[in-house]
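Inspection log for the structure reproduced underneath, given as structure tokens.
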Number of protein chains: 2
Amino acid sequence: MRRHHGKNRLPSLLLTSGIRPTRQRLALAALLFDGVKKHMTAEQVHALARRNRAHISLATVYNNLHQFTAAGLLREVPVGHNRSVFDTNTEAHCHTFDEVTGLLHDIPSDAVHLSRVPKPPMGRKVARVDIVIRLAAV
Amino acid sequence: MRRHHGKNRLPSLLLTSGIRPTRQRLALAALLFDGVKKHMTAEQVHALARRNRAHISLATVYNNLHQFTAAGLLREVPVGHNRSVFDTNTEAHCHTFDEVTGLLHDIPSDAVHLSRVPKPPMGRKVARVDIVIRLAAV
DNA sequence: GTGTTTGCAAAGTGTTTGCAATTTA
DNA sequence: TAAATTGCAAACACTTTGCAAACAC
């Protein structure tokens, strides 16, 4: 499943995004950008980093997740239960949110078709369209 | 703009939804269900209630907004900035979220067209589809 | 070296909860 | 009167911030 095994893949990825590749950021990048797309909260990233023997404070995790998001390496998913979920898949796609399990899943972007999106008002552009299909127990 | 001026409109509205019409709930209902659709945070509802000389604690505002939501009188909009926004319009419709002003606006449900929504897995049904069009500065 | 980043702890938000006092039916 | 609801304050969960020490270039 992994792609791009190059030795300096992660440093370049960060540099290209204008982010200085510190030890902590490389550790975070290693666990986020391993080729497998994921949805993770800051808390989960922090726990995973510690499990990997990378000592990164939670504050630094938050700071860097936001920095990665600003740089377009991550995307924040608006699930609505008042906690930030970061998605390593930054391409246009939708989500299902299972209210029973609390899990988020990707839906290929062509699984739904959205048409007739209204024109934004003067001085604004459509940054993106968030579509979340909420699933409940039958 | 107001509709249904009947004297016991709000008590009936709550009773019909299986909610006991207490003084506080009636005050909240009066300010929420006046015929003008709104998007409000708990904090905003609380402030407005106090401005109207209704003494309702913030905790009670939260409790009742959730109760109203569970009863289908309100809907929670997943804007994603880690705070709950309640919408008095419970019909199928979408939103634009202006990242510059922080304001939420309704879009008539027929302004966008969503097709090919995938079938939910066994034991689940589509509760609803949340669509938020995020607008940024040009 | 110089400016950036980190870690920690502390403060800040927004939200929920426990429980005695009150209110509703 | 019995059961539900309220208010308050305290607890809670998540996130951000201030600043000295550590690090990258």
Side-chain angles (χ1 to χ4, degrees), chain A residues 8 10-31 39-50 52-71 73-74 76-86 102 104, chain B residues 8 10-31 39-50 52-71 73-74 76-86 102 104:
Chain A
N8 57 1
L10 292 173
S12 325
L13 176 66
L14 297 185
L15 286 170
T16 303
S17 306
I19 296 176
R20 192 188 278 191
T22 64
R23 181 166 52 77
Q24 290 84 346
R25 301 215 257 235
L26 286 171
L28 292 177
L31 104 222
H39 305 111
M40 300 190 80
T41 63
E43 201 66 61
Q44 290 171 333
V45 172
H46 184 232
L48 183 52
R50 296 192 94 80
N52 290 5
R53 285 162 189 56
H55 291 254
I56 308 178
S57 77
L58 182 56
T60 298
V61 170
Y62 271 106
N63 289 338
N64 288 320
L65 288 178
H66 284 141
Q67 208 139 344
F68 288 2
T69 302
L73 297 174
L74 291 175
E76 218 170 325
V77 188
V79 258
H81 49 14
N82 294 339
R83 57 167 56 184
S84 302
V85 178
F86 297 88
L104 211 50
Chain B
N8 57 1
L10 292 173
S12 325
L13 176 66
L14 297 185
L15 285 169
T16 304
S17 307
I19 296 176
R20 193 189 279 190
T22 65
R23 182 167 50 76
Q24 290 83 345
R25 302 217 259 234
L26 287 170
L28 292 177
L31 107 220
H39 306 111
M40 299 189 81
T41 64
E43 201 66 62
Q44 290 172 332
V45 172
H46 185 233
L48 183 53
R50 295 191 95 80
N52 290 4
R53 285 160 190 57
H55 290 254
I56 309 177
S57 76
L58 182 55
T60 298
V61 170
Y62 271 105
N63 288 339
N64 288 320
L65 289 178
H66 284 140
Q67 208 139 345
F68 288 2
T69 302
L73 297 174
L74 290 177
E76 218 172 324
V77 188
V79 258
H81 49 15
N82 295 337
R83 56 168 56 185
S84 302
V85 178
F86 297 87
L104 212 50

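Chain naming here is simple, since letters A, B, ... match the order of the sequence lines and numbering starts at 1 in each.
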Legend entry - Under 3.5 Å: donor-acceptor pair, side chain of A:Arg50, backbone of A:Ile56: yes

Legend entry - Watson-Crick/G-U partner (both atom distances under 3.5 Å) of C:dG3: D:dC23

Inset, instruction - Identify whether any heavy atom of A:Asn64 sits under 4.0 Å from a base atom; if not, whether one sits that close to sugar-phosphate; answer base, sugar-phosphate or nothing. - result: sugar-phosphate

Legend entry - Which residue lies more 5' along DNA chain C, comparing A:His55 with B:Ala42 via nearest heavy atoms: A:His55

Inset, instruction - Return no unless some side-chain N or O of B:Thr60 is found under 4.0 Å from OP1 or OP2 of D:dT5. - result: no

Inset, instruction - Remember a base hit wins even if backbone is also touched, and classify B:His46 as base, sugar-phosphate or nothing at under 4.0 Å, heavy atoms. - result: nothing

Legend entry - Atom pair distance, as rounded to whole Å: CD1 in A:Ile19 and P in C:dT5: 9 Å

Inset, instruction - Using whole Å, report how far CG of B:Leu26 lies from P of D:dT5. - result: 13 Å

Inset, instruction - May I have the distance from A:Asn63 (atom CG) to C:dC8 (atom P), rounded to whole angstrom? - result: 13 Å

Inset, instruction - Indicate whether OP1 or OP2 belonging to C:dG14 is found under 4.0 Å from a side-chain N or O atom of B:Asn82. - result: no

Legend entry - Nearest-angstrom distance from the residue atom CG of A:Leu58 to P of C:dG7: 11 Å

Legend entry - N/O (side chain, B:His66) to phosphate O (OP1/OP2, C:dT16) under 4.0 Å: yes

Inset, instruction - Would you mind reading off the distance between A:Ile56 atom CD1 and C:dT6 atom C1', rounded to a whole angstrom? - result: 10 Å

Inset, instruction - Tell me which of B:Arg50 and B:Gly18 sits closer to the 5' end of DNA chain D, going by the nucleotide each one is nearest to. - result: B:Gly18

Inset, instruction - Measure from CD on B:Gln67 to P on D:dA4 and round the result to the nearest Å. - result: 12 Å

Inset, instruction - Give a yes/no answer on whether the side chain of B:Ser84 brings an N or O atom under 4.0 Å of OP1 or OP2 in C:dT15. - result: yes

Legend entry - Closest to the B:Arg20 side chain, choosing from D:dT15, D:dG7, D:dA4: D:dA4

Inset, instruction - Round to the nearest Å and state the distance from B:Asn8 atom CG to C:dA25 atom P. - result: 13 Å

Inset, instruction - Between B:Arg23 and B:Thr41, name the one whose nearest nucleotide on DNA chain C is closer to the 5' end. - result: B:Thr41

Legend entry - Nucleotide nearest A:Pro21 (side chain, heavy atoms from C-beta), chosen from D:dA24, D:dA4, D:dC25: D:dC25

Inset, instruction - Report the distance from atom CD of A:Glu43 to atom P of D:dT16, rounded to the nearest whole Å. - result: 13 Å

Inset, instruction - Give a yes/no answer on whether the side chain of B:Arg25 brings an N or O atom under 4.0 Å of OP1 or OP2 in D:dT6. - result: yes

Inset, instruction - Considering just the side-chain nitrogens and oxygens of B:Gln24, establish if one lies under 4.0 Å of OP1 or OP2 belonging to D:dG7. - result: yes

Inset, instruction - Find out whether B:Arg25 and B:Phe68 are in side-chain contact, i.e. whether some heavy atom of one side chain is under 4.5 Å from a heavy atom of the other. - result: yes

Legend entry - Under 3.5 Å side-chain donor-acceptor pair for A:Thr69 and A:Glu76: no

Inset, instruction - Of all the heavy-atom pairs spanning A:Ala71 and A:Ile19, show the shortest one and how long it is. - result: CB-CD1, 3.8 Å

Inset, instruction - Measure the shortest side-chain to side-chain distance between A:Met40 and A:Leu48 over non-hydrogen atoms and say whether it is less than 4.5 angstrom. - result: yes

Inset, instruction - Give the minimum heavy-atom separation between A:Ala42 and A:Val61, together with the two atoms involved. - result: O-CG1, 3.7 Å

Legend entry - Comparing A:Leu15 and B:Ala59 on DNA chain D - which has the more 5′ nearest nucleotide: B:Ala59

